[in-house]
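I have placed the structure first, in the form of C-alpha cells, so that the comments after it can refer back to it.
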There are 2 protein chains.
Amino acid sequence: MQISEVAKKFDLTTDTLRYYEREGLIGPIAKGKNGIRNYTEDDLQRIQFVKCMRAAGLEISFLKRYLQLFDEGDKTVKERREILVEQRKILKEKLDAMQEAYDRLNYKIDLYDKNMLDKKLM
Amino acid sequence: MQISEVAKKFDLTTDTLRYYEREGLIGPIAKGKNGIRNYTEDDLQRIQFVKCMRAAGLEISFLKRYLQLFDEGDKTVKERREILVEQRKILKEKLDAMQEAYDRLNYKIDLYDKNMLDKKLM
DNA sequence: ATATCACTTAGAGTTTACTTTAAGTCAATA
DNA sequence: TATTGACTTAAAGTAAACTCTAAGTGATAT
C-alpha cells in the first residue's frame with residue numbers, strides 16, 4: 001500500500017508517516033525500485049498502534065524506545081513490560097485529571113442551564 | 001498571598017503564574033507599592049480552575065477567551081455556555097481515545113504477564 | 001554596610017511534534 | 001513531447017506552552 005493510501009486510511013498526513021519512520025517508530029518501510037514506499041500489513045498494524053497511543057498523548061520518545069525493544073526480540077520482554085506499566089500509570093493519572101475537568105465542565109454547563117451562575121464566582 | 005506561595009500551593013512555577021497573567025488568563029493581580037503581586041482568594045479560585053482545565057489539555061487560547069468573557073459580565077453568558085459545550089465535546093473525544101489506549105495497554109500488559117506474546121504481532 | 005533573598009521586567013530560548021519548503025525523480029496522460 | 005501528479009529527500013520553519021536569562025529593586029539578616 002502506498003503512502004497516500006495509508007495516510008488516508010489512518011487520517012494522518014504523508015509527512016507524519018515519513019516523520020514517524022525517520023524517528024524509528026515504524027519501518028524502515030520497504031521501497032520499490034523507484035524508491036516509493038510500499039507498506040505491508042505488519043506496517044499498518046504498527047501504525048495503528050502508534051496512532052492509538054499518540055492520540056492518548058504518549059510521547060514519541062516512549063514509543064520509539066518501546067518499538068525498538070520490540071524489534072530486538074524476546075530478550076527485551078521484561079523491559080518492555082516495565083515500560084508499558086510505567087506508561088499506563090502516566091496515562092491513568094491523565095485520565096483521572098481529564099475526568100475531573102470533564103465533570104467540572106458538566107457541572108458548570110448545568111449551572112448555566114439553570115441560571116444559577118450568580119451563586120458561583122468561577 | 002505572594003507568588004511563590006501560590007506557586008507552591010498549586011504546584012506551578014512562578015514563571016507559569018506570570019505567564020498566565022501576561023496571557024490574560026488570570027489577574028491583573030494587585031501589587032503592593034513595591035511592585036510585588038498579592039493574590040486574593042478570588043485569584044486563587046481562578047488559578048485552580050485554570051490548572052484543572054490545563055491538566056485536561058484545554059488550550060490557553062480557549063481559557064483566555066472564556067475568562068475574558070467571564071470578566072465582561074452577564075451579557076456574555078450565552079457565548080460562554082457555547083464555548084463550554086464545545087470544549088466539553090473536544091474533551092470527551094480525548095477521554096474516549098485515552099480510555100481506548102488505556103484498555104489496550106492493560107490488555108498488552110496482561111499478555112506479557114501470561115507469556116502469550118508469541119500470538120500477537122503488536 | 002554588605003550580602004542574601006524574594007521579588008520585578010522584557011525578551012530570548014527550549015521542547016515536542018509535526019509541517020513546510022525546495023529541489024528533484026518517475027510514470028502516465030493530453 | 002510536455003505537463004500533471006504522486007512520490008522522494010534533507011533541512012528549515014512553525015505553534016503551543018512554557019522556561020530561562022539578564023538586569024534590576026527592595027527588605028531583612030550579619
Side-chain angles (χ1 to χ4, degrees), chain A residues 1-40 43 46-47 49-68 87 90-91 94 97-98 101, chain B residues 1-40 43 46-47 49-68 87 90-91 94 97-98 101:
Chain A
M1 197 184 265
Q2 244 169 256
I3 196 163
S4 65
E5 295 174 84
V6 178
K8 198 172 176 185
K9 183 177 169 73
F10 290 107
D11 194 25
L12 296 167
T13 66
T14 57
D15 290 315
T16 300
L17 284 168
R18 279 186 288 249
Y19 166 68
Y20 284 169
E21 187 176 349
R22 248 188 346 266
E23 291 296 310
L25 270 57
I26 56 175
I29 307 297
K31 292 175 190 173
K33 64 183 188 308
N34 47 10
I36 291 180
R37 287 174 181 77
N38 186 23
Y39 292 79
T40 66
D43 293 329
R46 187 134 160 175
I47 291 165
F49 175 72
V50 168
K51 209 211 159 175
C52 177
M53 294 301 143
R54 281 296 302 128
L58 301 218
E59 289 177 13
I60 298 284
S61 61
F62 146 73
L63 291 170
K64 179 175 179 165
R65 189 150 81 92
Y66 176 74
L67 291 167
Q68 278 171 357
Q87 292 298 315
I90 294 168
L91 187 46
K94 269 198 231 159
M98 289 178 70
Chain B
M1 197 185 267
Q2 249 172 251
I3 196 165
S4 63
E5 295 175 82
V6 178
K8 198 173 176 184
K9 183 178 170 73
F10 290 107
D11 194 29
L12 296 167
T13 67
T14 56
D15 286 317
T16 300
L17 284 168
R18 279 186 288 249
Y19 167 68
Y20 285 170
E21 188 176 347
R22 253 193 332 272
E23 291 297 310
L25 270 57
I26 56 175
I29 308 296
K31 293 175 190 172
K33 65 184 186 307
N34 48 10
I36 291 181
R37 287 173 180 78
N38 186 24
Y39 291 80
T40 66
D43 292 329
R46 186 135 162 175
I47 291 165
F49 174 73
V50 168
K51 207 209 160 174
C52 177
M53 294 302 143
R54 281 296 302 129
L58 302 219
E59 289 176 15
I60 298 284
S61 62
F62 145 73
L63 291 170
K64 180 175 178 166
R65 191 152 79 94
Y66 176 74
L67 291 166
Q68 279 172 356
Q87 291 298 316
I90 293 170
L91 186 46
K94 270 198 230 160
M98 290 179 69

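Computed over heavy atoms, backbone and side chain alike; hydrogens, waters and symmetry mates excluded. Small disclaimer: the values here were computed from a predicted structure and weren't measured. Letters A, B, ... are given to chains in the order of the sequence lines, protein chains preceding strands, and every chain is numbered from 1.
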Whole angstroms only, please: what is the CD-P distance between B:Glu59 and D:dA15? 13 Å
Measure the distance from CG on A:Asn38 to C1' on D:dC7 and round it to the nearest whole Å. 13 Å
Closest listed nucleotide, where the reference is the side chain of B:Ile3 and the choices are D:dT8, C:dT8, D:dT19: C:dT8
Once you round it to whole Å, what is the distance between P of D:dT25 and CZ of B:Arg37? 17 Å
On DNA chain D, does the nearest nucleotide to A:Thr14 precede the nearest nucleotide to B:Ser61 from the 5' side, or the other way round? Give the residue. A:Thr14
Hey, could you give me the CZ/CG distance between A:Phe49 and A:Leu25, rounded to the nearest 0.5 Å? 9.5 Å
Just to be sure I understand the geometry, which residues of residues 18-29 of chain A put a non-hydrogen atom under 4.0 Å away from DNA chain C? A:Tyr19, A:Tyr20, A:Arg22
From CD1 of A:Ile47 over to C1' of C:dC18, roughly how many Å is that when rounded to an integer? 16 Å
Of the nucleotides C:dT19, D:dA17, C:dT9, which has the atom closest to the A:Thr13 side chain? C:dT19
Between CG of A:Asp15 and C1' of C:dA22 the distance, given in whole Å, is 13 Å
Separation between CD (B:Glu23) and CG (B:Leu63), nearest 0.5 Å, reads 11.0 Å
Nearest listed nucleotide, side chain of A:Ser4, among C:dT9, D:dA6, D:dA17: D:dA6
In whole Å, what is the span from the NZ atom of A:Lys64 to the P atom of C:dT16? 12 Å
From C:dT19, D:dT9, D:dC20, nucleotide with atom closest to A:Thr16 side chain: C:dT19
Let me confirm one number: the CZ-CZ distance from A:Arg18 to A:Arg22, rounded to the nearest 0.5 Å. 8.5 Å
Given D:dT9, is OP1 or OP2 found less than 4.0 Å from the side-chain N or O atoms of A:Lys31? yes
Spacing of A:Ile47 atom CD1 and A:Cys52 atom SG [to the nearest 0.5 Å]: 14.0 Å
Between B:Leu17 (CG) and D:dC20 (P), how many Å, whole number? 14 Å
Between NZ on residue A:Lys51 and CG on residue A:Leu17, distance to nearest 0.5 Å: 10.5 Å
Checking B:Leu91, B:Leu58, B:Ile60 against B:Met53 for side-chain contact (heavy atoms from CB on, under 4.5 Å), the one that qualifies is B:Leu58
By the definition salt bridge (charged side-chain N to carboxylate O under 4.0 Å, His left out), identify the one residue from A:Arg46, A:Arg37, A:Lys31 that meets it with A:Glu21. A:Arg37
How long is the gap from CD on B:Gln87 to OH on B:Tyr66, to the nearest 0.5 Å? 11.0 Å
What nucleotide, of C:dC7, D:dT19, D:dA17, holds the atom closest to the side chain of B:Gln2? C:dC7
Verdict with supporting geometry, A:Ile29 and A:Ile3, side chain to side chain contact (heavy atoms under 4.5 Å, CB included): CA-CA 10 Å; A:Ile29 307 297; A:Ile3 196 163; over 6 Å; no
Need the bend value for the helix from C:dA1-D:dT30 to C:dA30-D:dT1: angle between end axes, 5 pairs each end, nearest 10°. 20°
Among C:dT19, D:dT19, C:dC7, the one nearest B:Ile36 by side-chain distance: C:dC7
Nearest whole Å is fine: how far is C:dA6 C1' from B:Asn34 CG? 10 Å
Out of B:Asp11, B:Asp15, B:Thr16, which residue meets the side-chain hydrogen bond (donor to acceptor under 3.5 Å, both in side chains) rule with B:Thr13? B:Thr16
